[in-house]
Q: 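Sharing a structure below in structure tokens format, with a few things to ask.
Every chain is numbered from 1 and lettered A, B, ... according to where its sequence line falls, protein lines coming before strand lines.
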Amino acid sequence: MALLEIRGLTKDFGGVRAVDGLDLDAAEGEIVSVIGPNGAGKTTLFNLVTGMTRPDRGEIVFDGHGIVGLRPSQIIELGIARTFQNVRLFPEMSVRENVMVARHCRTRSGMLKAVLRPPSFRREEAETREAAERALAFFGARLVGWRFDTPARSLSYANRRRLEIARALASGPKLLLLDEPTAGMNPHETGELIGLIRRIRDEIDVTIVLIEHDMRLVKGVSERVVVLDYGQMIAEGRYDEVASNERVIEAYLGRKASPA
Amino acid sequence: MTTVVEAPAAAVGSRVVMIGLVGGAVAVFVSANGMVEAFSERELLDGLTLGAVLLLSIPLLVGYVAGRRQPELEGFATRPPGWRNPATGLLAGFISGVTIGAFVLLIATVDLRGVLLNVTPELVRDDPRILTFGLEPGAGAGLLVGLFAVLGGLAGAIQVLPDLWRRAVLAAVGWVLAFGLMQAVVSQVLRGLQQQLRIWTEPLADFLYDTSGALSIAGITVVAVLGFCLQLLGSRKPRALVNARLERLTDRSRRIVRVAVLAAALLLLGLLPQVLGSFLSEVLNIAGIFLLMALGLNIVVGFAGLLDLGYVAFFAVGAYTTALLTSPQSSLGVGWIFWLAVPFVVLAAAVAGLLVGTPVLRMRGDYLAIVTLGFGEIARLLFLSDWLKPTFGGAQGIIQVGDITVGPVGVRTPQAFFYVIFVFVLLAAYATYALQDSRIGRAWMAMREDESVAEAMGVDIVTAKLSAFIVGAVLAGFGGALFATKIGSVFPHSFNVIVSITVLVVIIVGGMASVPGVVLGTMVLVGLPELLREFEEYRFLIYGALLIFMMLRRPEGFIPSKRRAEELHEEEIAQDEWLKTQDTGSRPEPGSRPEPGSRPEPS
Ligand SMILES: Nc1ncnc2c1ncn2[C@@H]1O[C@H](COP(=O)(O)OP(=O)(O)OP(=O)(O)O)[C@@H](O)[C@H]1O
Ligand SMILES: [Mg+2]
């Protein structure tokens, strides 16, 4: 059974059908790319899977649980973490704190413990900190050391994207959803991220679904590519299969430059 | 890169005229709303009334701002200091002077009392002719213009001084004003020191102040010199020196230093109410109760970002719970001791927090503010209502609220009460720090920054919101409990919306989410007005002016929660570029901060 199973997922916004009867699977350990022209419904798909938007119809089964109707905080606890297309950090909090927030669903201590500070609280706090720093260390020297304590708003654009990924990773997900992780990055940084995404999958066994417009990244990392248009899946397969698919070319040529 | 271009004369000129006119408008405003007259009852500095000082501080401010070396036009080079600084100061002061002079002539010829109630004949027409220092309107207007211009020029001249000396002059002026305004406090402290510690300090008060309570000439000189010198000495950054010295100590001796400092601080605070006497202790107690509330609201607004305008409701719940349980006259009539009532205060406040918090769970921002504002009024009206009169006593409230007792001793004097309030404040401050640095604290802050992302990152919004409301409510409840025993009675009219607004202003001006900021804000906005009774009538005018000023100039508050060690965006990008060039070669050690000087320019 696949880790994520989506059946007949549908979402309307007024007159716009953003996602239209979509069926999609992601097997454990896979890296899947979701591509498609602007407004195809890719981000909406992520919003539906993470519970930030409620579907009108359809089913989402993750790891054996039906997750439609669960709150986003419950869904991340089950193991689905995401990043955002338009980076959404907690700007006034420090880099480390941003990541520590994501440990919320893996920790338990409440207000009473916070005030009384028993050893169990301190242990949990230290573990949270360690987990956060480990997630940040994934990006080499870029987000560690003195950067731990700088506010997130002071980071460069590429570092903000990296911080978002670290934050998602710190929650200990089984499935990681990346929404255009390289938007705004230069080719060098994109290249770096390709390696990183592979490492995340190989080293910490996370299944990855990513939305991407940069075909170099799609080609570089994905084992399977899914093409959406008007909320429907119009093609699926290996990158070169999809890239030569007529419907895909048509969908892109209709509004946008052709892939590759 | 600053372009080396001088600001066009027209731009500088219009700026000076603008500042002068604003100063003139302020001078007219404080004269017409009665401030100058009301303040002229009190002699502040030898021969000068508070009203005169207020009026004459305007050209000083105007001249100082207009004479600033850096015309605030971006991209223009600053001129070296020279004759222009006093000249622009003089010009701006002159313009202000002409404005107020024209106003003097106007009210001398036309009776404006029909429109402006506070434009009394005593301002210009009849003795003592407050605005014109006793002169005929014509001569008085001339004097004002001259005085304003000269003072403006003088203040502008301060800008010629090098920074170090300029700050010292400002410090001297500030000290003189502070000692003048704080005459009651200073005299009391000097007297208290002599009585309590047998240090020979009381005659010092007679030296500093005249019999009228004004700072004497000798006093002015001494205080000014003191302020000047201390600023000169202090600008050598003793703080940095101390910190550097502390750095070099071992862990163990550092801990000893910390304990010693803490013990000394506690000892000082222990002596404080004795030295301050009953009136000043009472002022501190009022401030302390507000501080307790401010710390609570700081959690709700500062940490969790939930704008609660009905905060006074929890204060009222705490006060009424205490009154009901400790007063033998209340409907319950049990007459418990205070400490027995405290757990019920916590309980009642927490329930009130839940009651307010639950219906507003789905509201954000402005909607939340309006609804909580409504809740605050509902609470007051319930306590006032005839319906609940059998329980809460309606407008008659509840009297004979029990005293606090510690063992067999009753806490009755303000000095004794100070210690009780202090313990509560200390606990609240500790709890704030502890919560800030914990799982729930981070959840609150994440929710404040972006609620839907916080939820997507695993924060349970319902728990986080309700817990913030509950903690805030409990702290306000403590404030209410202490308030009720301190006053000895509770009436619904004590719990109006002004209390909520005051507490909110305190944390905005002091600094959101910052404990030192909240403490400073309470002292300045609640403590000071109790001392400066003259300002009472104009309290909200001053709050408003201060709020506008803060929003424009320092929206993060006096003491912001995190030092704004703003990383320049450019620097970040440069560092990233640099990392890239280093990719093949040696990477910088993780955690080592590239020196700004040694950083290679991005290609
Ligand atoms: N909250 C919303 N309210 C109304 N319409 C929405 C909302 N979110 C998305 N839509 C609409 O749904 C459609 C799909 O949007 P979506 O953001 O999912 O596209 P996308 O594939 O992510 O596009 P892009 O590549 O530009 O990010 C668009 O027509 C968009 O206008
Ligand atoms: Mg999108």
Q: Count the heavy atoms of every other residue, nucleotide or ligand shown that sit under 6.0 Å from CZ of Phe148(A), and state whether that count exceeds 12.
A: yes

Q: Looking at Asn86(A), I'd like to know if its CG atom is crowded, meaning that more than 12 non-hydrogen atoms belonging to other residues, nucleotides or ligands lie closer than 6.0 Å.
A: yes

Q: Quick check on Arg108(A) against chain B: is it the side chain, the backbone, both or neither that has a heavy atom closer than 4.5 Å?
A: both

Q: Answer yes or no: does atom CG of Leu112(A) have more than 12 heavy-atom neighbours from other residues, nucleotides or ligands under 6.0 Å?
A: no

Q: Sort out for me which of Gly51(A), Ala81(A), Ser109(A), Ala168(A) touches chain B most, counting heavy-atom pairs under 4.5 Å.
A: Ser109(A)

Q: Measure across Arg442(B) and Glu125(A) and return the closest heavy-atom pair with its distance rounded to 0.1 Å.
A: NH1-OE2, 3.0 Å

Q: If you define the side chain from C-beta out and look only at heavy atoms, does anything of Met52(A) sit under 4.5 Å from Ser452(B)?
A: yes

Q: Kindly compute the distance separating CD1 (Ile440(B)) from NZ (Lys113(A)), expressed to the nearest 0.5 Å.
A: 13.5 Å

Q: Any side-chain heavy-atom pair from Asp460(B) and Gln74(A) closer than 4.5 angstrom?
A: no

Q: Using non-hydrogen atoms only, which part of Ser171(A) is less than 4.5 Å away from chain B: side chain, backbone, both, or neither?
A: neither

Q: Which pair of heavy atoms, one from Phe121(A) and one from Ser438(B), lies closest together, and at what distance?
A: CZ-CB, 3.7 Å

Q: Before giving the answer on side-chain contact (heavy atoms from CB on, under 4.5 Å), spell out for Met445(B) and Glu92(A) the whole-Å C-alpha distance, their side-chain angles and the decisive distance to 0.1 Å.
A: CA-CA 9 Å; Met445(B) 286 184 269; Glu92(A) 295 297 322; over 6 Å; no

Q: So with a 6.0 Å cut-off around OH of Tyr367(B), is the heavy-atom count from everything else above 12?
A: no

Q: So, for His104(A) and Val459(B), which heavy atoms are closest and what is the spacing to 0.1 Å?
A: CD2-CA, 3.9 Å

Q: Decide, yes or no, whether a salt bridge links Glu449(B) with Arg153(A) under the criterion of side-chain N to carboxylate O below 4.0 Å.
A: no

Q: Could you tell me the separation between the CE atom of Met93(A) and the CG atom of Asp450(B), rounded to the nearest 0.5 Å?
A: 11.5 Å

Q: Can you tell which part of Ala513(B) gets under 4.5 Å to a heavy atom of chain A, answering side chain, backbone, both or neither?
A: neither

Q: What are the two closest heavy atoms between Phe84(A) and Ala456(B), and how far apart are they?
A: CZ-CB, 4.2 Å

Q: Are there over 12 heavy-atom neighbours, none belonging to Glu59(A), within less than 6.0 Å of that residue's CD?
A: no

Q: Is there side-chain contact between Arg167(A) and Val453(B), with heavy atoms separated by less than 4.5 Å?
A: yes

Q: Please identify, among Ser73(A), Ala102(A), Ala170(A), the residue contributing the most non-hydrogen atom pairs under 4.5 Å to chain B.
A: Ser73(A)

Q: Given that the side chain runs from C-beta out, which part of Arg88(A) has a heavy atom under 4.5 Å from chain B: side chain, backbone, both or neither?
A: both

Q: Side-chain donor-acceptor pair under 3.5 Å between Thr107(A) and Arg439(B), yes or no?
A: yes

Q: Please find the pair of heavy atoms, one from Leu435(B) and one from Ala114(A), that lie closest to each other, and give the distance.
A: CD2-CB, 3.9 Å

Q: How far does SG of Cys105(A) sit from CE of Met457(B), to the nearest 0.5 angstrom?
A: 9.5 Å

